[in-house]
Amino acid sequence: MAGPRSLFGRLLRYIRDGSNARDIVTPERERLRNRVAALRNDVNALPFTGLKGQLIGTLDELLRGETGLDGLPDIEARSSRLMSLIGSVDEVEQRLGQAQAMVPDHLALSQELLAAKNEVAEIGDDGLSAPLALKLATLEKGLGLAVAGPGLKNLEALPKLLGPAQALRVDIGKVLQPLREEKAKAKAYADALLLAQTAVAKLPAVVKDEAALIQKDFIDAAVKLHKEDKRDEATVLLGKVDGECAKAQLLAKTYTDALAAAKLALNTAKATMLAVDVKIAETQMIGAAEQQATAGKRQAALELLAQVKAHCDSVTGSTLLAQTLSDATDDFMALMGHAHAGAFPTEIAALRKRMDTARASLKAGTRGGARMDMVLLRADAKQQLAYANEHTGYALRLDVVKPKVEQVAKAAPVTSNTALTTELAKLKTMLDKAEKQAAKRFYDPALATLAALELECAAVTTLKQEHAAYALELARVEPLVSTVPDEPGTPSAAEAASLRERLKQAKALADPGRDFKGAAALLKRIGGDCDGCKALATKAEKDELARDTALTGLDGEPAAALAEVRKLLEALKVRDGHTGIAKQLADIEKLLVEAGTALSA
């Protein structure tokens, strides 16, 4: 684009030759507008708000100046103004170039400060981050001045800010590095703890004891070390859990291998075994071993599994039926001789019948039937023996609790039994429940019922004593309440009504509330209040008599009578209980004021 001087020369030549000057001014004006539009776009891209606003203002002013060319008087004035506008555009373009050269510095500094800001926020410790935040604020302020400043002079500070910004990043790194190391250690501990807990949780129930030891000696110990700020030691300790769990898994494998071997032995021999013998192996050996394993009793489970092969060998082929019958008979006789055999008449009769059947089968040579009856006989006899032993503990407890139920009804005062029929019936119901539970061989629930029954006996005994005290107090207080004067308008009238209401409350506490102790306490307070109310009524009567006496003969002397009444009122105010007739005292005072006003009129 032509500069101001070349354009001026061309214009002079056109003027001198007499040519139309508009031919040169018009295209230059178009070029000027295009150049201003292009510059405006470039200026808008600047990040420096202060300078950007200033340059855009200048460009807008140039466009207004270009529009005003048509209003100038001659071609020379328009040419001169056009050259001036073009010169101003050159200046804007020069300042834009200088600003654009500083954009990379602005971008670099902005990125440095943003990264620093994020890292300061990451510290999260006021004592560590406050000095760094102050440095950051200073740099951000400098950047803000450069961006918002009115001219290029503020932008010249941008390169100078880069050094402190990078130094700030170094300072932040020095603070963050140990924090990041601590965070890494904390994560290592947390990861190790999760892995250890997961490994222990995966251990099968058969190594429950080993799992508990690993939990205690390694995981719990590591948690304790962590609380003592010994994180590295805790992480190392947790790292050993995996090895310990591997050892426990080997122990668990001994059980799973034994279980597989026992099942294989049973399946191999099952075809030559009686169904009852198969059932014994499945339930009393393999099934029982699995229950022991679930409970964490690995050794007991292994011992049961070891019996399976021997059992299968002993019941296949030829069997000593006579020895089986002998063993079954021994168990039956042990039940018969038990101290509490009398509690099992039905069961003993069934066992006797089965033994007779087994003997008959053996005598007849029916091996299968004899063996089944004898095996079942022995199993049932063992079960009933176990019940009989449990029954012993129940019977001993029943012998203690049952007399207590009878003693509660007989305990003094017997007169309270009528009021406590529901509570006494509950004791009988609980006793019946315990006996029914025992009859079904539910001895643990039966013992629990007896324990609750014993507590209930003590509670009912206490309730009887509390009821007796209540009944005695009621017999004393109820007549007292009826003797309290109840004359309307007297000081004792309201108190008498209150006493009757409180008497109702006491009775309600006792029945249906069953709070005999609270009812008796309320009755005692009511009795005391009865005496006080009667005394108040007596005082009121004496006061009335004294008043009448004092006023006798004063009918002809109103002033003297008024003075005497005032003396009586003052004496009444200092007596005990005068607050209970506060309303009456107030009424008297009002009447005295009215009387005094009437005398002075």
Side-chain angles (χ1 to χ4, degrees), residues 114-133 166 168-264 286-306 308:
L114 177 60
K117 200 168 192 175
N118 293 336
E119 290 182 335
V120 169
E122 183 183 341
I123 295 172
D125 185 329
D126 290 341
L128 294 173
S129 61
L132 300 174
Q166 293 170 348
L168 173 62
R169 291 288 300 280
V170 173
D171 291 343
I172 294 172
K174 291 178 182 178
V175 173
L176 279 177
Q177 185 58 32
L179 294 178
R180 287 168 178 162
E181 290 174 358
E182 286 299 311
K183 188 175 181 181
K185 289 181 180 179
K187 185 178 185 305
Y189 165 77
D191 292 345
L193 179 61
L194 179 60
L195 289 174
Q197 290 171 334
T198 303
V200 171
K202 288 181 179 179
L203 291 177
V206 73
V207 289
K208 185 182 293 184
D209 292 343
E210 286 74 11
L213 285 175
I214 294 172
Q215 178 70 36
K216 175 178 175 293
D217 295 342
F218 292 89
I219 296 178
D220 294 347
V223 171
K224 185 174 182 295
L225 286 171
H226 182 262
K227 290 180 179 178
E228 297 170 355
D229 291 331
K230 299 176 181 177
R231 187 181 293 116
D232 292 340
E233 296 177 38
T235 304
V236 171
L237 191 60
L238 289 171
K240 299 178 181 179
V241 169
D242 196 49
E244 296 298 319
C245 288
K247 295 177 185 177
Q249 291 286 8
L250 289 177
L251 293 176
K253 189 175 184 301
T254 61
Y255 161 73
T256 55
D257 290 347
L259 179 62
K263 289 182 177 180
L264 177 62
I286 294 177
E290 289 176 329
Q291 291 177 357
Q292 295 287 358
T294 301
K297 299 177 180 178
R298 185 178 64 261
Q299 191 56 43
L302 291 173
E303 291 173 0
L304 285 168
L305 293 173
V308 175

Quick one: pull up [atom1] in [X] and [atom2] in [Y] and give me the separation to the nearest 0.5 Å.
| X | Y | atom1 | atom2 | value |
| --- | --- | --- | --- | --- |
| Asp220 | Ile214 | CG | CD1 | 12.0 Å |
| Leu304 | Gln291 | CG | CD | 9.5 Å |
| Thr254 | Leu259 | OG1 | CG | 11.0 Å |
| Lys185 | Asp232 | NZ | CG | 4.5 Å |
| Leu238 | Leu194 | CG | CG | 10.5 Å |

Practice item. Please list, chain by chain and in numerical order, all residues satisfying salt bridge (charged side-chain N to carboxylate O under 4.0 Å, His left out) with Lys224, sequence neighbours excluded. Key: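 Residues passing salt bridge (charged side-chain N to carboxylate O under 4.0 Å, His left out) with Lys224: Glu228.
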I'd like to check [X] versus [Y] (side-chain heavy atoms, cut-off strictly below 4.5 Å). Are they in contact?
| X | Y | answer |
| --- | --- | --- |
| Leu195 | Asp242 | no |
| Leu203 | Glu210 | no |
| Gln299 | Tyr255 | no |
| Cys245 | Lys202 | no |

[X]: side chain to side chain donor-acceptor pair (under 3.5 Å) partners, not counting sequence neighbours:
| X | answer |
| --- | --- |
| Asp257 | Lys253 |
| Lys247 | Glu244 |
| Gln292 | none |
| Lys187 | Asp191 |

Where is the tightest heavy-atom contact between [X] and [Y], given as atom of each residue plus distance?
| X | Y | result |
| --- | --- | --- |
| Ala221 | Leu237 | CB-CD2, 3.7 Å |
| Ala262 | Val308 | O-CG1, 3.5 Å |
| Gln249 | Pro204 | OE1-CD, 3.7 Å |
| Ala258 | Leu302 | CB-CD2, 3.8 Å |
| Val200 | Gln215 | CG1-OE1, 4.2 Å |
| Ala252 | Val207 | N-CG1, 3.7 Å |

Salt bridge check: are Glu303 and Arg298 linked by an N-O gap of less than 4.0 Å?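 Salt bridge flag = no for Arg298 with Glu303.
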For this session: Begin with the C-alpha distance, continue with both residues' side-chain angles, and end with the deciding distance and a verdict on side-chain contact (heavy atoms from CB on, under 4.5 Å) for Val223 and Leu193.
Result: CA-CA 8 Å; Val223 171; Leu193 179 61; 4.3 Å; yes
- request: Applying ring-ring contact (aromatic ring centres under 6.0 Å, His included), name anything that partners Tyr189, two or more places apart in sequence or on another chain.
  value: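 Residues passing ring-ring contact (aromatic ring centres under 6.0 Å, His included) with Tyr189: His226.
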